[in-house]
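Only one structure is covered here, and it is reproduced in the block below.
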Number of protein chains: 2
Amino acid sequence: MIPTTITAFCQRQNLEITPIRKVILDHLWQNHTPIKAYDLIEVLRLKAIGSPKPATVYRSIDFLERQGLVHKVHALNAYIPCHHPGQHTACQLLICDNCNDAKEFCDDDLASLIPLKLAKIGFQPRASVLEVFGTCQQCTEAKTS
Amino acid sequence: MIPTTITAFCQRQNLEITPIRKVILDHLWQNHTPIKAYDLIEVLRLKAIGSPKPATVYRSIDFLERQGLVHKVHALNAYIPCHHPGQHTACQLLICDNCNDAKEFCDDDLASLIPLKLAKIGFQPRASVLEVFGTCQQCTEAKTS
DNA sequence: TGGCAAAAGCTATTTTGTATCAGAAGTGTC
DNA sequence: GACACTTCTGATACAAAATAGCTTTTGCCA
Ligand SMILES: [Zn+2]
Ligand SMILES: [Zn+2]
Ligand SMILES: [Zn+2]
Ligand SMILES: [Zn+2]
């Protein structure tokens, strides 16, 4: 379920994708909505991988986030896989109020405008998260039809 | 401690600023870092206002957020006062890694670019939160000096 | 073989946020 | 005044999200 671009990225970076980390990354890629940490515990439990406790999952998430493979959707306390690991420090997410879907939305104009604006006021950005709430196209169409 | 522009806004909007809400808003305005909900419980307790329980504070925060008087810094699970209530649906925050200061940064170009870009992909934005992490000007100067 | 570091196990605790029901206080109506 | 109605608050309990601290395992290298 994990795209080949992602597995290739892991190999290039020499990342140790242990069974636990693999199951978690797999599960994130299998779903179209953000996944909660405690749901990941359940996933591990069902697959009988290790003896999943909160720390188990949070450590894996921590690793995956540090490697840029996963984003946290702060507004939902949930996680989604990154579609372009290693390619952005500016994360842009679209979160549908209706179906809770969360998509990455990578707009370069937007991403480059942020540091440009901040430079003028002397703020040195390290990373940024944009979370936009609203109605996704599918839900908009469903309502009007 | 609450700026007159804010109290004026409350009057115009006919908002009921009860003692509890006032203490919370006051405290947020007195500080330059985001404040946590349970710290606000403590503030109320020290001022002997009501009998502060979690729900007490969360209800007030909820009210203040709905009125646009307060923003939640999702990445920190903390709250800051809004400097321009009623004037924006796109909230932009600069959070210093070093001193934890969180400032509102209202850039119209940035705010208007977001719906523009999203319109092209059929997403209807309702509200957005941009949280930028990095080093603020003061901390940058302090390091280099 | 011993030492080291990264990963995972394990127990408990802390932090953050809700649900629910009941009481108090204001407001307008009859 | 009696009544419905609304908004705010009190109080108990609980749920959800995340971390602390310590031990054990495992692979690796000298
Ligand atoms: Zn990404
Ligand atoms: Zn949707
Ligand atoms: Zn604001
Ligand atoms: Zn700073």
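Per chain, numbering begins at 1; letters A, B, ... match sequence-line order. Predicted, not measured: the structure shown is a model, and the values here were computed from it.
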Nearest-Å distance for atom pair [atom1]/[atom2], residues [X] and [N]:
{"X": "L76(B)", "N": "dT15(C)", "atom1": "CG", "atom2": "C1'", "result": "14 Å"}
{"X": "L44(A)", "N": "dA7(C)", "atom1": "CG", "atom2": "P", "result": "16 Å"}
{"X": "I49(A)", "N": "dT25(D)", "atom1": "CD1", "atom2": "C1'", "result": "17 Å"}
{"X": "I61(B)", "N": "dC8(D)", "atom1": "CD1", "atom2": "C1'", "result": "16 Å"}
{"X": "N14(A)", "N": "dC28(D)", "atom1": "CG", "atom2": "P", "result": "12 Å"}
{"X": "L64(B)", "N": "dT9(D)", "atom1": "CG", "atom2": "P", "result": "10 Å"}
{"X": "E42(B)", "N": "dT16(C)", "atom1": "CD", "atom2": "C1'", "result": "16 Å"}
{"X": "E65(A)", "N": "dA17(D)", "atom1": "CD", "atom2": "C1'", "result": "14 Å"}

Inset, instruction - May I ask you to decide if the ring planes of F133(A) and H74(B) are parallel, tilted or perpendicular, using 30° and 60° as cut-offs? - result: tilted
Has [X] got a side-chain N or O lying under 4.0 Å from the OP1 or OP2 atom of [N]?
{"X": "Y79(B)", "N": "dG17(C)", "result": "yes"}
{"X": "S51(B)", "N": "dT9(D)", "result": "no"}
{"X": "K72(A)", "N": "dA18(D)", "result": "yes"}
{"X": "K36(A)", "N": "dA16(D)", "result": "no"}

Legend entry - Heavy atoms of other groups near K22(B) NZ, more than 12 under 6.0 Å: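 No, the 6.0 Å shell around NZ holds no more than 12 heavy atoms from other groups.
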Legend entry - Residues, nucleotides or ligands: over 12 heavy atoms within 6.0 Å of K103(B) NZ: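 No - once you tally the heavy atoms of other residues, nucleotides and ligands closer than 6.0 Å, there are 12 at most.
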Given [options], the nucleotide with the shortest approach to the side chain of [X]:
{"X": "E16(B)", "options": "dT7(D), dA8(C), dG9(C)", "value": "dT7(D)"}
{"X": "K53(A)", "options": "dA7(C), dT11(C), dG17(C)", "value": "dT11(C)"}
{"X": "Y58(A)", "options": "dA11(D), dG17(C), dA18(D)", "value": "dA18(D)"}
{"X": "A37(A)", "options": "dT16(C), dA18(D), dC10(C)", "value": "dA18(D)"}
{"X": "P54(A)", "options": "dT16(C), dT19(D), dT9(D)", "value": "dT19(D)"}

State, to 0.1 Å, how close [X] and [Y] come at their nearest heavy-atom pair, and which atoms those are.
{"X": "L93(A)", "Y": "E104(A)", "value": "CD2-CG, 3.7 Å"}
{"X": "P54(A)", "Y": "I41(A)", "value": "CA-CD1, 3.5 Å"}
{"X": "D107(A)", "Y": "Q92(A)", "value": "N-OE1, 2.9 Å"}

Legend entry - Neighbours of DNA chain C within residues 19-30 of chain A, by heavy-atom distance under 4.0 Å: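 Listed by number, they are I20(A), R21(A).
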Inset, instruction - Identify which one of I114(A), L113(A), L118(A) satisfies the side-chain contact (heavy atoms from CB on, under 4.5 Å) criterion when paired with L116(A). - result: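 That would be L113(A); it is the only one of I114(A), L113(A), L118(A) passing the side-chain contact (heavy atoms from CB on, under 4.5 Å) with L116(A).
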Legend entry - Most 5' of N77(B) and P52(B) on DNA chain D, judged by nearest nucleotide: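 So the residue in question is P52(B).
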Inset, instruction - Keeping the roles fixed (side chain from R21(A), backbone from E16(A)), state whether a donor-acceptor pair exists under 3.5 Å. - result: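 Judged by distance alone, yes, a pair lies under 3.5 Å.
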Legend entry - Donor-acceptor pair (no angle test) under 3.5 Å: R59(B) side chain, dG17(C) base: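 For R59(B), whose side chain was compared with the base of dG17(C), there is no donor-acceptor pair (under 3.5 Å).
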Legend entry - Base of dT16(C) and ring of Y38(B) stacked, centres under 5.5 Å, planes under 30°: yes
